[in-house]
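These figures come from a predicted structure and were not determined experimentally.
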Amino acid sequence: MKQNILVELLTFWKNWHFRLLIDLAAKMKFCLPWKSMGVFVTARRRDTTMYAVSADSKGLETVVGLLADVVLHPQLTDEEIEMTRMAVQFELEDLNMRPDPEPLLTEMIHEAAYRENTVGLHRFCPTENIAKINREVLYSYLRNYYTPDRMVLAGVGVEHERLVECARKHLLGDRPAWGSEAAVQVDRSVAQYTGGIAKLERDMSNVSLGPAPFPELTHIMIGLESCSFLEADFIPFAVLNMMMGGGGSFSAGGPGKGMFTRLYLNVLNRHHWMYNATSYHHSYEDTGLLCIHASADPRQVREMVEIITREFVLMAGTVDVVELERAKTQLMSMLMMNLEARPVIFEDVGRQVLATRSRKLPHELCALIRDVKPEDIKRVASKMLRGKPAVAALGDLTDLPTYEHVQAALSSKDGRLPRMYRLFR
């Protein structure tokens, strides 16, 4: 029976000024002639690049040699660079045309939360900068950030000793394509949470890609600082995020769909005009951000914002034991289900070792999840609510409340926006 191995090489960077270089470097790897072997390169997160291969277990040495070759000896020909520029240009245009605003809103909420620093810097390159990236700039980036202390080699379905032996053979002492010059001192800034607002007025009435009309929506995302994945409160925040849950106004339902989460029960089930209410938790080495994304008709933006601020305030209130147990069970179920796939396992191994120099096993994580108590949820939510909010808004923003009103609502006992009185209507 044929047995596959999955081997991954992760490189970690933390200079937030060079994200386009990662897009260019990652995309150019697809120009090389081994896509048929199961090679893929991705820069999905804001802080890591991943090179991965799936192959027969007998080909371990070939696979590690292949990964070492693409990481240490990229050709970066003029043709590849030009093709990649075109691909990046297309993706930037597609970003502004697609009906799903989630990628753009995620960028905006980070920009608002970490104003002009670290994870708040743009992940998507300005169009005018694409032509400025050339081979020398890419090699300079690789020289400074593709260093041994930023790399992890992880494998699943392979003996540890064999993997170490192959790593020594192909990764140690090999002169990279960018030369042996010493790397410069790179940016090691710690994320500084600032809070704030990022707004983008846009006509959302013509985003439908087909003949069926798509309703015009205004999208709001409100976030508060949580914690890094290195802190003990990371697990309570993960449970809180699962407890909030949410999703779109339409769902097929069924077990595991989160139909009993707060954003479904308290928001989508009670307000038929809400098209979406979803909780997200972004966590990094030195910070974290818990946010809620909501969508509705532009005429009901103020009411939508008040509903979301109310849900934030209720996080620090009474936590029902049943809903907490349901959230913990759902989180453990999702964790175990994801780890059934080998690519997810080696990605989990690589990321954990890269960030913490160790790996928590699934049963250890499940034990930490089970230990979360209602008072833990209330404590982390209360701490989070003491910070300044981050707000991202996209669409028709005529009725958007001011940032000061959103901040006042989150500081109040009931989450309501301050009343507005007008002499003329």
Side-chain angles (χ1 to χ4, degrees), residues 4-16 22 26 40-54 60 63-64 67-68 71 118-119 145-164 166-167 171 186 188 190-191 226-242 280-290 327-328 330-372 376 380:
N4 283 351
I5 57 167
L6 295 172
V7 182
E8 164 185 59
L9 184 62
L10 284 173
T11 63
F12 176 78
W13 75 90
K14 199 177 179 182
N15 187 313
W16 316 101
I22 295 306
F40 66 90
V41 185
T42 179
R44 286 177 299 178
R45 289 180 60 87
R46 307 178 80 89
D47 53 1
T48 53
T49 307
M50 181 175 68
Y51 303 77
V53 183
S54 176
L60 174 63
V63 164
V64 176
L67 284 172
V71 173
T118 58
V119 292
Y145 292 92
Y146 276 36
T147 55
D149 59 313
R150 292 172 175 266
M151 293 185 183
V152 169
L153 181 69
V156 175
V158 57
E159 294 180 0
H160 179 74
E161 290 75 16
R162 284 190 62 204
L163 187 61
V164 172
C166 291
L171 290 171
V186 298
R188 299 184 182 275
V190 176
S226 58
C227 71
S228 79
F229 55 68
L230 300 177
E231 297 179 47
D233 284 340
F234 172 69
I235 298 297
F237 269 114
V239 175
L240 173 60
N241 179 57
M242 190 62 65
Y280 296 95
H281 187 215
H282 306 279
S283 192
Y284 305 100
E285 185 181 19
D286 46 17
T287 187
L289 187 67
L290 188 130
K328 292 195 292 186
Q330 189 175 356
L331 182 58
M332 288 187 288
S333 174
M334 185 176 298
L335 171 68
M336 301 307 293
M337 183 176 67
N338 288 338
L339 289 176
E340 288 180 1
R342 278 190 169 184
V344 178
I345 295 175
F346 74 64
E347 185 171 343
D348 174 65
V349 173
R351 292 195 189 283
Q352 285 201 50
V353 173
L354 193 61
T356 67
R357 303 301 176 189
S358 62
R359 186 202 178 203
K360 282 189 171 64
L361 297 174
H363 70 271
E364 296 177 273
L365 293 172
C366 287
L368 293 173
I369 294 171
R370 291 191 193 96
D371 289 341
V372 175
D376 296 323
V380 297

Using modelled atom types only, decide if a donor and an acceptor are shared between the side chain of [X] and the backbone of [Y] within a distance under 3.5 Å.
{"X": "S283", "Y": "C227", "value": "yes"}
{"X": "D348", "Y": "V344", "value": "no"}
{"X": "T287", "Y": "S228", "value": "no"}

(request) List the steps and the verdict of side chain to side chain contact (heavy atoms under 4.5 Å, CB included) for M151 and L171. (result) CA-CA 11 Å; M151 293 185 183; L171 290 171; 5.7 Å; no

Heavy-atom pair of closest approach, residues [X] and [Y]:
{"X": "A154", "Y": "L163", "value": "C-CD2, 4.2 Å"}
{"X": "F229", "Y": "E285", "value": "CE2-N, 3.3 Å"}
{"X": "L335", "Y": "L365", "value": "CD2-CB, 3.9 Å"}
{"X": "H282", "Y": "S226", "value": "O-OG, 4.4 Å"}
{"X": "K328", "Y": "R370", "value": "NZ-O, 3.0 Å"}
{"X": "L354", "Y": "R150", "value": "CD1-O, 3.5 Å"}

(request) Start with the C-alpha distance between V190 and T118, add both sets of side-chain angles, then the distance that settles side chain to side chain contact (heavy atoms under 4.5 Å, CB included), and finish with yes or no. (result) CA-CA 7 Å; V190 176; T118 58; over 6 Å; no

(request) Apply side chain to side chain contact (heavy atoms under 4.5 Å, CB included) to the pair L368 and F234, showing each step before the final yes or no. (result) CA-CA 10 Å; L368 293 173; F234 172 69; over 6 Å; no

Hey, what do you get for [atom1] ([X]) to [atom2] ([Y]), rounding to the nearest 0.5 Å?
{"X": "Y284", "Y": "L289", "atom1": "OH", "atom2": "CG", "result": "7.5 Å"}
{"X": "I235", "Y": "D371", "atom1": "CD1", "atom2": "CG", "result": "10.0 Å"}
{"X": "D376", "Y": "L240", "atom1": "CG", "atom2": "CG", "result": "11.0 Å"}
{"X": "M332", "Y": "H363", "atom1": "CE", "atom2": "NE2", "result": "14.0 Å"}
{"X": "E347", "Y": "I345", "atom1": "CD", "atom2": "CD1", "result": "11.5 Å"}

